There are 2 protein chains.
Amino acid sequence: MTNARALAHPAREEIRVEGVLHALSDPIRLRIVRQLAGAADELACSRFELPVSKSTTTHHFRVLRESGVIQQIYRGTAKLSGLRTEDLDTLFPGLLSSVLGAADLQAKRLGED
Amino acid sequence: MTNARALAHPAREEIRVEGVLHALSDPIRLRIVRQLAGAADELACSRFELPVSKSTTTHHFRVLRESGVIQQIYRGTAKLSGLRTEDLDTLFPGLLSSVLGAADLQAKRLGED
DNA sequence: CTCGTAGTACGGTGAATCTCGTACAAGTGG
DNA sequence: CCACTTGTACGAGATTCACCGTACTACGAG
């Protein structure tokens with residue numbers, strides 16, 4: 001009963017660095033990823049306050065999932081998302097954390113957050 | 001006399017992490033950057049063997065320059081390109097090297113180079 | 001069963017991107 | 001001056017992308 005609908009994820013070996021960089025190069029997706037990195041658990045899509053419509057939000061989460069940055073599972077009506085930290089660290093050591101660090105530094109520098 | 005034509009570069013503070021990630025997310029540009037990282041000096045555009053036309057090559061070098069990843073100067077008929085390692089390391093410590101490391105690992109894993 | 005919430009699917013629009021070929025500019029060497 | 005090398009400018013075509021609204025599905029609560 002835990003799951004009816006399944007979601008397609010790339011296997012670890014299928015994750016490409018160009019795809020990951022492309023996924024992270026969009027401001028909204030980078031914001032999602034930063035928020036996920038700051039959370040202890042997985043988060044439902046509805047927990048994000050994004051300046052775009054629901055359909056666009058779905059689109060961005062799909063890009064992140066298909067590029068291998070996040071994994072998603074259904075739980076009730078919600079869909080929980082979490083970073084694929086272990087897979088990414090194995091494939092590309094240090095990449096995720098330096099991107100997150102760079103984004104944090106830039107946010108601090110520009111007075112955003 | 002060293003230079004007639006000048007090229008527009010973003011100042012260090014204008015470099016955005018999204019722009020850098022976007023620039024690096026194209027396979028051809030990533031290849032250029034890896035080759036630049038492996039070179040001791042700056043390289044002329046003509047030193048790159050890329051599977052695209054001359055005009056497309058110009059386009060990719062411009063994207064890299066305008067995003068702040070490389071700097072370029074004219075020298076005779078050639079245009080020399082080099083990574084902006086210092087600026088990038090200051091703004092985003094570790095980012096460039098982890099991207100290069102990730103690209104190397106992936107190239108090794110996929111048997112390309 | 002009905003209602004509300006969470007998210008998807010679909011179709012469409014406008015902008016950006018990658019690509020090319022052709023024509024041109026700038027410098028070097030004969 | 002002329003030829004050659006290097007790279008640019010200028011369209012132009014094809015693709016991708018971000019975004020939206022509307023209609024729909026899936027699930028949980030009452």
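Just so it is clear, the model here is predicted, and its values are computed rather than measured. All chains are named by letter (A, B, ...) in the order of the sequence lines, taking the proteins before the strands, and each is independently numbered beginning at 1. When reading the values below, keep in mind they use all heavy atoms of this one structure, side chains included, and skip hydrogens, waters and symmetry mates.
Within a 6.0 Å sphere centred on CZ of B:Arg12, heavy atoms belonging to other residues, nucleotides or ligands number more than 12.
Where A:His22 and B:Ala78 each meet DNA chain D at their nearest nucleotide, the meeting point lying more 5' is that of B:Ala78. Mapping B:Arg47 and A:Val63 onto DNA chain D by nearest heavy atom places B:Arg47 closer to the 5' end of the strand.
In this structure, A:Glu66 places its CD atom 12 Å from P of D:dA18, rounding to the nearest Å. Distance B:Arg62 CZ to C:dA16 C1': 14 Å, rounded to the nearest Å. Going from atom CZ of A:Arg65 over to atom C1' of C:dG7 covers 12 Å, rounded to whole Å. Distance B:Leu43 CG to D:dG7 P: 11 Å, rounded to the nearest Å. Between the NZ atom of B:Lys54 and the C1' atom of C:dC18 there is a distance of 18 Å, given to the nearest Å. One can place CG of A:Asp26 at 11 Å from C1' of D:dC19, the figure rounded to the nearest angstrom. Distance CG (B:Leu7) to P (D:dA9): 9 Å, rounded to an integer number of Å. The distance from atom NE2 of A:His60 to atom P of D:dC20 is 8 Å, rounded to the nearest whole Å.
The two atoms that bring B:Lys79 and B:Tyr74 nearest to each other are CD-CE2, 3.8 Å, heavy atoms only.
One finds the CZ atom of A:Arg29 at 10.5 Å from the CD1 atom of A:Ile70 (value rounded to the nearest 0.5 Å). We find the CG-CG distance between B:Leu24 and B:Leu96 to be 7.5 Å, quoted to the nearest 0.5 Å.
Residue A:Thr77 has its side chain nearest to C:dT5 when only C:dC18, C:dT5, D:dC19 are considered. Distances from the side chain of A:Val52 to the nucleotides D:dC19, C:dC20, C:dC18 place D:dC19 closest. Relative to the side chain of A:Tyr74, the nucleotides C:dT19, D:dA18, C:dT8 differ in distance, and C:dT8 lies closest.
Backbone-only contact: A:Ser46 has heavy atoms under 4.0 Å from sugar-phosphate atoms and none from a base. Within 4.0 Å (heavy atoms only), B:His59 reaches at least one base atom of the nucleic acid.
For A:Arg29, a side-chain nitrogen or oxygen approaches OP1 or OP2 of D:dA18 to under 4.0 Å. Between B:Thr58 and the phosphate of D:dT8, there is a side-chain N or O to OP1/OP2 separation shorter than 4.0 Å. Here B:Thr56 does not reach the OP1 or OP2 of C:dT19: none of its side-chain N or O atoms lies under 4.0 Å away.
By the 4.5 Å heavy-atom criterion applied to side chains, A:Leu83 and A:Gln71 are not counted as neighbours.
A donor and an acceptor atom sit less than 3.5 Å apart, one in the side chain of A:Ser55 and one in the base of D:dG21.
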